[in-house]
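One is the number of the first residue; the rest follow in order along the sequence.
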Amino acid sequence: MGLKVSFVDSGGQVETWEYQGGTFTNAGNWKRQVQRTEIMKLEQEDLLLEEANNTNAKFISDWGWQKGNRDYATGTFKEGPYFVSDIVNVEGESFDFQTDENADFVCCYSTDNGTSFRNSQWLDNYHIAGYTHIFIILSDSKNHYTGPSNTNVYATTQKKYFKNATKEDLDNRIEDLFGKVSLFDGRIKGLEVDAYGGNKDVSIPFPFNPCLFAQNGSDLTSDAYPDAYATDYLDLTIYDRFVVNGACILSFPYGVFYDADRKIIKTISPGGQSVVRQYPELVLERSEYPDNARYVRFHSYSKVDGKPIEYSCIGNKIVEGYEARFARLENNFGNITSYSVFKEIH
């Protein structure tokens, strides 16, 4: 218990599995860990309050990198072997600029609104402060002649932040972040269902047209019912609940239960006059399924009095999880723990 194994899957993503006890080579005794931090990366800096009136207007989100060169004194663009940035207004800003070990740069800076520039030495980090404009030339650290293949080699300590935000501004930002958290939580729940099995709401289509259920529950597929649709046979062993909205001839059923041989055993009808009307939303729980029922179908018209209506069927479906993956893990456990794939054991 407590043993964890991490490896890179076929999609290049790191997976971590935790041993649950029992037979070590039985894949069913391992549980995949969902990494919330991989999905939800909300930065605390989004809520920092500083002195000013709005979001930092001088945050540099796009340096405008392109292959070429610039005149060191004027900033004029010209052909060249390097990667160079745009001329960027940094007046009043202070931040650090650095590259990784594969590239270095020269920072050309101005203190007179960009009319003339002075350059730093070739280096891999620089503190930018007290300048009005800068441009940066990136190059390979070995010879200064070939620009790096990836221009995202730089990083800065510059941050976006709110300044003098009102309470309303802050409340709106917090609400936005809470919305993101809810969205991420929903995605995490979906990942957990896919990984471990569970229940998931799914939209069930109405592909059969024309189709109307007669009073005895049998299908009527005459062209006299062009706006009538029905679902396929839905297996009750894999659905715990249905929520259905639609319309039908009130004296006719809009739901039919069948046994394993698809013989009718019960119908659901709102009752009333033989006219097409929307029926109340049907919420059907597993506890309400008839004995010996194996399948159910639902029916709806797509129009009432010639006007289109919204009709739907949502099923709470039991998801099996990664059963196929479990089988592969059990049959090929030695392969996934080979040195080329094995990353770490905690």
Side-chain angles (χ1 to χ4, degrees), residues 27-28 31-32 34 185-222 225-272 274 276-304 309-327:
K31 183 177 181 181
R32 185 173 183 266
V34 176
D185 282 347
R187 291 176 179 174
I188 291 166
K189 181 179 179 182
L191 287 175
E192 290 173 343
V193 170
D194 292 341
Y196 313 134
N199 285 57
K200 180 186 293 186
D201 286 337
V202 297
S203 179
I204 298 170
F206 287 75
F208 294 94
N209 174 43
C211 184
L212 173 68
F213 301 153
Q215 288 175 316
N216 65 357
S218 61
D219 286 356
L220 298 177
T221 56
S222 165
Y225 308 103
D227 301 323
Y229 292 79
T231 67
D232 198 354
Y233 292 86
L234 306 174
D235 190 340
L236 295 175
T237 64
I238 61 173
Y239 289 98
D240 282 340
R241 183 178 67 255
F242 296 96
V243 178
V244 187
N245 285 278
C248 72
I249 298 177
L250 297 182
S251 60
F252 282 21
Y254 59 93
V256 180
F257 287 102
Y258 306 82
D259 64 14
D261 297 322
R262 299 191 176 181
K263 294 180 179 179
I264 296 169
I265 60 176
K266 185 179 179 181
T267 62
I268 305 171
S269 174
S274 293
V276 177
R277 289 289 182 267
Q278 287 187 258
Y279 48 76
E281 181 177 83
L282 170 68
V283 179
L284 192 63
E285 303 286 350
R286 176 174 289 279
S287 60
E288 301 172 83
Y289 299 170
D291 293 339
N292 301 321
R294 175 61 188 274
Y295 301 100
V296 68
R297 296 177 76 196
F298 299 103
H299 151 73
S300 176
Y301 276 89
S302 62
K303 297 179 180 179
V304 175
I309 66 165
E310 292 186 7
Y311 59 102
S312 64
C313 179
I314 304 297
N316 188 245
K317 189 175 184 180
I318 302 170
V319 178
E320 295 290 343
Y322 290 151
E323 298 240 344
R325 172 165 290 188
F326 291 161

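- Residues F206 and T231 meet the side-chain proximity criterion, which asks for heavy atoms closer than 4.5 Å.
- The main-chain N or O of L236 is found under 3.5 Å from a side-chain atom of R286 such that the two form a donor-acceptor pair.
- Across every non-hydrogen atom of E288 and V283, the tightest pair is OE2-O, 3.6 Å.
- Using a 4.5 Å cut-off on side-chain heavy atoms (C-beta onward), S203 and I314 make contact.
- When atom types are taken as modelled, the side chain of H299 and the backbone of Y229 share a donor-acceptor pair closer than 3.5 angstrom.
- Aromatic ring pairs are classed by plane angle as parallel below 30°, tilted from 30° to 60° and perpendicular above 60°; the pair Y279 and Y254 is parallel.
- Between V256 and G217, the shortest heavy-atom contact is CG2-O, 3.9 Å.
- Residues N245 and E310 are not in side-chain contact: their nearest non-hydrogen atoms beyond the backbone lie 4.5 Å or more apart.
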Steps toward side chain to side chain contact (heavy atoms under 4.5 Å, CB included) verdict (F298, L282): CA-CA 10 Å; F298 299 103; L282 170 68; 3.8 Å; yes

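- When every heavy atom of I265 is checked against every heavy atom of D291, the shortest pair comes out as CD1-O, 3.8 Å.
- With S251 contributing its side chain and G271 its backbone, the two residues share no donor-acceptor pair below 3.5 Å.
- Interatomic distance, Y295 OH to D235 CG, rounded to the nearest 0.5 Å: 5.5 Å.
- D261 and R294 are not joined by a salt bridge, as no carboxylate oxygen comes within less than 4.0 angstrom of a charged side-chain nitrogen.
- Side chain of S312 to main chain of G246: no donor-acceptor pair is present (N/O by atom type, distance under 3.5 Å, no hydrogens or angles).
- Once rounded to the nearest 0.5 Å, the distance linking CG of D201 with CG of N316 reads 5.0 Å.
- With F257 as reference, L284 is the one residue of I264, T267, L284 to meet the side chain to side chain contact (heavy atoms under 4.5 Å, CB included) rule.
- In this structure, A247 and I309 approach most closely via the heavy-atom pair CB-CD1, 3.6 Å.
- Distance check: D219 CG to Y225 OH gives 12.0 Å after rounding to the nearest 0.5 Å.
- Stacking of R297 on the aromatic ring of F213 is not recorded, the 6.0 Å distance cut-off and the 45° axial limit not both being met.
- Classified by interplanar angle (parallel below 30°, tilted 30° to 60°, perpendicular above 60°), the ring pair F242/Y289 is tilted.
- Few gaps surround CG on N209; more than 12 heavy atoms of other groups in view lie less than 6.0 Å from it.
- For E285, the CD atom sits in a packed shell: over 12 heavy atoms of surrounding residues, nucleotides or ligands are nearer than 6.0 Å.
- Between Q215 atom CD and I249 atom CD1 the span is 9.0 Å, to the nearest 0.5 Å.
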